[in-house]
Enquirer: 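This is the structure I want to talk about, given as structure tokens.
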Amino acid sequence: MGFFNRSKTFKIRNIEFYSEGSYYYSKGLKSSIEKEIKIAKTTLSLDELKPILQYLVEFIQDEKPDIKSGEKITCFSWCILFHEASDFFEILEVIPEQQGFGEGLNRTLHILNQQLSVCTRVKTEPDFPDFDQIITVDPLIKTGLQANLFRWIGDYPDSGWVAMTDRFNEETMSFEQMTVGQFMTLSPEIVQFMALPSGFKVIWQGNNAQIAFDRQLLEN
């Protein structure tokens with residue numbers, strides 16, 4: 001990657017990103033999606049946004065999507081939206097407590113950094129689930145009980161994740177399904193673990209989460 005005036009401008013592949021006013025802008029994406037993109041700065045620097053910008057450039061150039069206003073995509077494991085704003089697509093992120101989308105990418109970046117930190121700690125490569133993939137859950141999770149996590153090998157749209165409390169009874173209770181995004185919103189304490197790949201489990205002991213690899217999750 002070539003950097004020019006590092007604090008205000010840099011390039012990803014052949015796409016330049018620069019700062020102007022309250023936004024960061026792209027220069028070079030119009031040929032791919034008919035508009036440039038802009039992102040509200042909020043509290044983030046261009047350097048901090050680098051992994052998300054890299055993701056967007058690679059997605060647009062490699063996947064060649066037909067982007068329309070209101071288009072939603074998963075960015076790592078969070079949901080962002082292309083909102084048409086005059087000659088630009090403004091990139092917004094889902095903010096569940098506001099029941100919609102808002103400016104900036106603070107939440108997306110915070111979740112990414114949490115998940116990368118956990119994967120680095122256990123020395124494994126992340127496997128980010130899509131925001132709309134399915135997770136199998138114990139219904140007692142809706143009451144606020146802690147959820148132990150197990151990631152099996154799943155076929156899309158199944159993320160492979162199963163979440164269950166210590167009180168789940170297989171004889172009297174049935175699992176339910178929700179999306180990864182719904183589960184992360186319901187149980188924010190588990191967001192950091194969601195990029196762990198198949199074979200990993202997270203077991204709560206009081207307020208401490210123990211992460212372990214279980215080969216049986218790959219074999220059954």
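Only a predicted model underlies this, so the values are computations on that prediction, with no experimental measurement involved.
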Enquirer: Do Trp78 side-chain atoms and Phe131 backbone N/O form a donor-acceptor pair below 3.5 Å?
Expert: no

Enquirer: Quick check against the 3.5 Å criterion: does Arg151 have a side-chain atom that pairs as donor or acceptor with the backbone of Ser159?
Expert: yes

Enquirer: With a 4.5 Å cut-off on side-chain heavy atoms, are Gln133 and Thr74 touching?
Expert: no

Enquirer: Looking at Gln177, is its backbone amide N or carbonyl O close enough to the side chain of Gln182 to form a donor-acceptor pair, meaning the two atoms are under 3.5 Å apart?
Expert: no

Enquirer: Hey, is the main chain of Phe88 close enough, under 3.5 Å, to the side chain of Glu36 for a donor-acceptor pair?
Expert: no

Enquirer: Grab the two heavy atoms, one from Thr124 and one from Pro197, that are nearest each other, plus how far apart they are.
Expert: OG1-CG, 3.4 Å

Enquirer: Any side-chain heavy-atom pair from Cys119 and Leu196 closer than 4.5 angstrom?
Expert: yes

Enquirer: Between Asp214 and Gln216 (side chain of the first, backbone of the second, donor and acceptor by atom type, cut-off under 3.5 Å), is there such a pair?
Expert: yes

Enquirer: Decide whether Val118 and Ile111 are clustered together by the hydrophobic rule: side chain heavy atoms of Ile, Leu, Val, Met, Phe, Trp, Tyr closer than 4.5 Å, transitively.
Expert: yes

Enquirer: Show your working on ring pair (Phe, Tyr, Trp, His ring centres under 6.0 Å) between Tyr24 and Phe17 and close with a plain yes or no.
Expert: CA-CA 7 Å; Tyr24 298 121; Phe17 289 91; 9.0 Å; no

Enquirer: Near Glu176 CD, under 6.0 Å, is it more than 12 heavy atoms from other residues, nucleotides or ligands?
Expert: yes

Enquirer: Are Tyr18 and Phe89 connected into the same hydrophobic cluster when the rule is that any two of I, L, V, M, F, W, Y join if their side-chain heavy atoms are below 4.5 Å apart?
Expert: no

Enquirer: Are any non-hydrogen side-chain atoms of Phe213 and Val122 less than 4.5 angstrom apart?
Expert: no

Enquirer: For Asn169, look at atom CG and say whether over 12 heavy atoms of other residues, nucleotides or ligands are found less than 6.0 Å away.
Expert: yes

Enquirer: Less than 4.5 Å apart, side chain to side chain, heavy atoms only: is that true for Ile211 and Arg121?
Expert: yes

Enquirer: May I ask you to decide if Val191's main-chain N or O and Gln115's side chain share a donor-acceptor pair within less than 3.5 Å?
Expert: yes

Enquirer: Using modelled atom types and a 3.5 Å cut-off, is there a donor and acceptor pairing between side-chain atoms of Thr185 and backbone atoms of Gly181?
Expert: yes

Enquirer: Could you label the plane-to-plane angle of the Tyr23 and Tyr25 rings as parallel, tilted or perpendicular, counting under 30° as parallel and over 60° as perpendicular?
Expert: tilted

Enquirer: Between Ala195 and Pro129, what is the shortest heavy-atom contact and its length?
Expert: CA-CD, 4.3 Å

Enquirer: Assigning hydrophobic clusters by single linkage (Ile, Leu, Val, Met, Phe, Trp, Tyr; side-chain heavy-atom cutoff under 4.5 Å), is Ile134 placed with Trp161?
Expert: no

Enquirer: Is the shortest heavy-atom distance from the side chain of Glu71 to the side chain of Pro65 under 4.5 Å?
Expert: no

Enquirer: Where do Ser19 and Lys41 come nearest, in terms of heavy atoms and distance?
Expert: OG-NZ, 2.6 Å

Enquirer: Thr179 and Ile135: which non-hydrogen atoms are nearest, and at how many Å?
Expert: O-CG2, 3.8 Å

Enquirer: Verify, without hydrogens or angle tests, whether Glu16 (side chain) and Phe10 (backbone) share a donor-acceptor contact under 3.5 angstrom.
Expert: no

Enquirer: For Thr43 and Asn106, test the side chains for any donor-to-acceptor distance below 3.5 angstrom and give the result as yes or no.
Expert: yes

Enquirer: Just to verify, which of Asp138, Thr165, Asp166 counts as forming a side chain to side chain donor-acceptor pair (under 3.5 Å) with Asn148?
Expert: Asp166

Enquirer: Is the side chain of Lys50 donor-acceptor paired with the backbone N or O of Ile12 at a distance under 3.5 Å, no angle test?
Expert: no

Enquirer: Could you see if Val94 belongs to whatever hydrophobic cluster contains Met178? Use Ile, Leu, Val, Met, Phe, Trp, Tyr and a side-chain cutoff under 4.5 Å.
Expert: yes

Enquirer: Val202 versus Gln210: any side-chain heavy-atom pair under 4.5 Å?
Expert: no

Enquirer: If two hydrophobic side chains count as joined below 4.5 Å and joins carry through other members, does Phe101 share a cluster with Ile95?
Expert: no

Enquirer: For the residue pair Phe168 and Phe175, categorise the inter-ring angle as parallel (less than 30°), tilted (30 to 60°) or perpendicular (more than 60°).
Expert: parallel

Enquirer: Check the surroundings of atom CD in Glu97: do more than 12 heavy atoms from other residues, nucleotides or ligands lie under 6.0 Å from it?
Expert: yes

Enquirer: Given side chains that start at C-beta, do those of Phe128 and Leu112 come closer than 4.5 Å, heavy atoms only?
Expert: yes

Enquirer: Spell out, as yes or no, whether a donor-acceptor pair under 3.5 Å connects the side chain of Glu93 to the backbone of Thr108.
Expert: yes

Enquirer: Contact between Cys79 and Met184 at the side-chain level, heavy atoms closer than 4.5 Å - yes or no?
Expert: no

